[in-house]
2 protein chains.
Amino acid sequence: MTAFDEQPGSAAHVLELVANGSATSRADLVRELGLAASTVSVRVQELVEAGLLTESGEGASRGGRRPRLLRVADQGAVALAADLDSHHMRTGAVGHTGGAHDTDEHAFDLTAGPEPTLDALAERLSALAAHQRAAGRTVRGVGVGFPGPVDADSGRIVAPSRMPGWHLFPLRDRLAERLGLPVLLDNDANVLALGEHRAAHPSLRHLVVVKAGRGIGSGVISGGRLHRGARGSAGDISHVRVDATAEHPCSCGNIGCLETVASGAAIAAALRARDIPAESTADILRLVENGDAHATTLVRQAGRDIGAVLAVVVNFFNPEAVIIGGALSRAEPLVAAVRGALYERCLPMATSELTISAARCGPAAGLLGAGRAALREAAAGPQTACPPTRNGK
Amino acid sequence: MTAFDEQPGSAAHVLELVANGSATSRADLVRELGLAASTVSVRVQELVEAGLLTESGEGASRGGRRPRLLRVADQGAVALAADLDSHHMRTGAVGHTGGAHDTDEHAFDLTAGPEPTLDALAERLSALAAHQRAAGRTVRGVGVGFPGPVDADSGRIVAPSRMPGWHLFPLRDRLAERLGLPVLLDNDANVLALGEHRAAHPSLRHLVVVKAGRGIGSGVISGGRLHRGARGSAGDISHVRVDATAEHPCSCGNIGCLETVASGAAIAAALRARDIPAESTADILRLVENGDAHATTLVRQAGRDIGAVLAVVVNFFNPEAVIIGGALSRAEPLVAAVRGALYERCLPMATSELTISAARCGPAAGLLGAGRAALREAAAGPQTACPPTRNGK
DNA sequence: CCGACTTGCTTCGATGACCGAGGGAAGTCG
DNA sequence: CGACTTCCCTCGGTCATCGAAGCAAGTCGG
């Protein structure tokens, strides 16, 4: 019943490969999946009959018969996506291919509690749904990335330390009820990781995707699958201690947490302490782009701090790539500092073939991840039913 | 073709469940595996016919017919196991059940190079094999744990920084040739992790097993499977920086590595610097048991340092358990300090249901892990052939 | 321009894993 | 002693996948 898992050989996997361009024909799929040609044909036929895949013309010959090109049938099918952070709500509509449409950013306060957030979410997503439908598109589902621990199975928020009232709030079901659409809810870093993995690096098996924005989180792909850990809190590096001498206490009750020295919120606070007006990560980015020395120094130091934590993670987990996403990933000095810290502190063996780069999907990566995941759910739902106790007949 | 993987439903998995006591009858297996009773019966019958499983009497009724008890047919079948560290070679014979027999420890110098090590290994294992055969047992294979990075697929050693001559040495094949037996080679922490997981905690899915001995390493179980990472170096936490002010340079070229402040070698060196004679981890343990204040302080500090690194790992990976193995795990203060550091520095969410304990299999855990893995290989080999290109017929 | 070869895709049994129904064996319990 | 439970096996049936064969539609060298 877990949201994102999919068995390697089949069904949604085929859609995925076609959607992200890894395969454009049946023959491609055969090479990619390692299945028999006959099996792939059957699978494709099912998907075509279900209206999820279309044939669209023929491709270039490679010395023999021309392949019949396959495309995802995104005939106006979209998912709504929402990416939350503590002070903003970004929304958009996501199709099977291409970027996010109709995106919008909207200030609000997550700490005001679940009910106001639910209201704001429902309001904006309803409007978005109406707008999409007016444009002739079908809305298949909703994907939401939440900046805190989420129990993805039950669709509930789990105990964010500084967000009173949120503990065990059933955001997924409440939102689904309000919108009349299936909702997929997960941690923001997890949807980012899924989006980057599936869309930009589908062949990698072990991946760490960091979301550096107002807060800091990460999503972990192990063996090609999202690693949630024992209680779904895997990837939470925001409260790792990086500077025991730091004075700022953290909401978690410790001091020197990564979040208190390297997050967008911390950088903005440090800038304000120097009488430089900065509230959002956008402000920080603007300062850095304008060459503000203080801002650049702080951002670079944040990168070093994040890199110090990631160094442990890279030695321990030995991923094929570390991807930096989130708003701050657009600040070159931060990415460069992360790179430097990793190369300096990790074993050569762990870094010699390690890719370290900014998220390829850019600022909308979170939206894309959430939306695509929701689309995948919607597509896989009718087909890949839950193995146990489902077909009553 | 990877050494330890096994698909969930079948073959070796059944043996595993019976071997570690998770299942004692066909009905148990049905409950454990979730397969149909008929399927389980077929599987068991195959294993019985192959001589790998036996029926042995009947168990207590639970209100109906008595179950026919199953046991692993370890009719004298053993694997030889070797656990290497930089100055010792521990060997023993391991059956499907029970502990290691005929164990022996033998001082030698790994840094002397691969050929002398190969000679020493072959000599002791040949003697052990002869002894086991004289006692009427059949030797099915050999499992070796090596204290450094290993490419498990090719069975070769990978670039240990301070071990000249070892890079890409094909220890597995060379040893197999010398002994005329199939050899399984893996990192020492990995075999320890496999042993502890399969034998003591088979139901856990995410697990970190630390080997604290003369060096420090760890093995990672993710989703019930060993996580080796991109290049097989996952779990290598020995070169994480924990103390930038430390003066001791590390063989890796950095300073303040965990290994230089918290390993058995480092503790022994620190004791010697205070004119307390200590060479091996056994010496350290003796001092701690005798209440030596310096030794106890150093061991406790080592535990804190290890705990500091594990805190990052626990937040990031969110395992269900952290198991401390290796010689130093017998020092209570070290385990206690690790516990303390984890509870202090991790998120409550990551530790509230986290098990932190010493390895249940004790000092022979490494041997057991290596031996059991080799037995499993030997048993699975003829049955669970590699999926592609194997049955020539 | 024409065979020979390549590539793409489909059709059609064969295979094998798994399941479920049915039933027999051997218990417990009232 | 009968009703029910538990354990296990036997026997078709379903389903996914494979491989062989073949057709379709190209390229390419003579």
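Here is how names work: the chains are called A, B, and so on, in the same order as the sequence lines, proteins then strands, and each is numbered from 1.
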I need the [atom1]-[atom2] distance between [X] and [N], as an integer number of Å.
X	N	atom1	atom2	result
B/E58	D/dC7	CD	P	12 Å
A/E55	C/dC9	CD	C1'	10 Å
B/R43	D/dC8	CZ	C1'	16 Å
A/Q45	D/dA16	CD	C1'	15 Å
A/L47	C/dC9	CG	P	15 Å
A/D28	C/dG8	CG	C1'	11 Å
B/E46	C/dG16	CD	P	12 Å

Of the candidates C/dC9, D/dT27, D/dC9, the side chain of B/R68 sits closest to D/dC9

Per atom distances to the A/P67 side chain, the nearest of C/dC9, D/dC8, D/dG26 is C/dC9

Rounded to the nearest 0.5 Å, what's the gap from CD1 on A/I221 to CZ on A/R198? Could you check? 6.5 Å

Rounded to the nearest 0.5 Å, how far does CZ of A/R228 lie from CG of A/D151? 8.5 Å

How is [X] classified with respect to the nucleic acid when contacts are heavy atoms under 4.0 Å: base, sugar-phosphate, or nothing?
X	value
A/S41	base
A/A27	sugar-phosphate
A/S38	base

Crowded around A/R140 CZ? As in, over 12 foreign heavy atoms under 6.0 Å? no

side-chain N/O [X] vs [N] OP1/OP2, d < 4.0 Å:
X	N	value
B/R26	D/dC9	yes
A/R31	C/dG8	yes
A/R65	D/dA24	no
B/R62	D/dC7	yes

Strictly under 6.0 Å, is that where the ring centroids of B/H227 and A/H227 end up? no

Which comes earlier along DNA chain D counting from the 5' end, the contact point of A/G64 or that of A/V40, where each point is its nearest nucleotide? A/V40

Given that A/V42 and B/R66 both sit by DNA chain C, which one's nearest nucleotide is further toward the 5' end? A/V42

Main-chain N/O of A/A73 paired with A/H96 side-chain donor or acceptor, under 3.5 Å: no

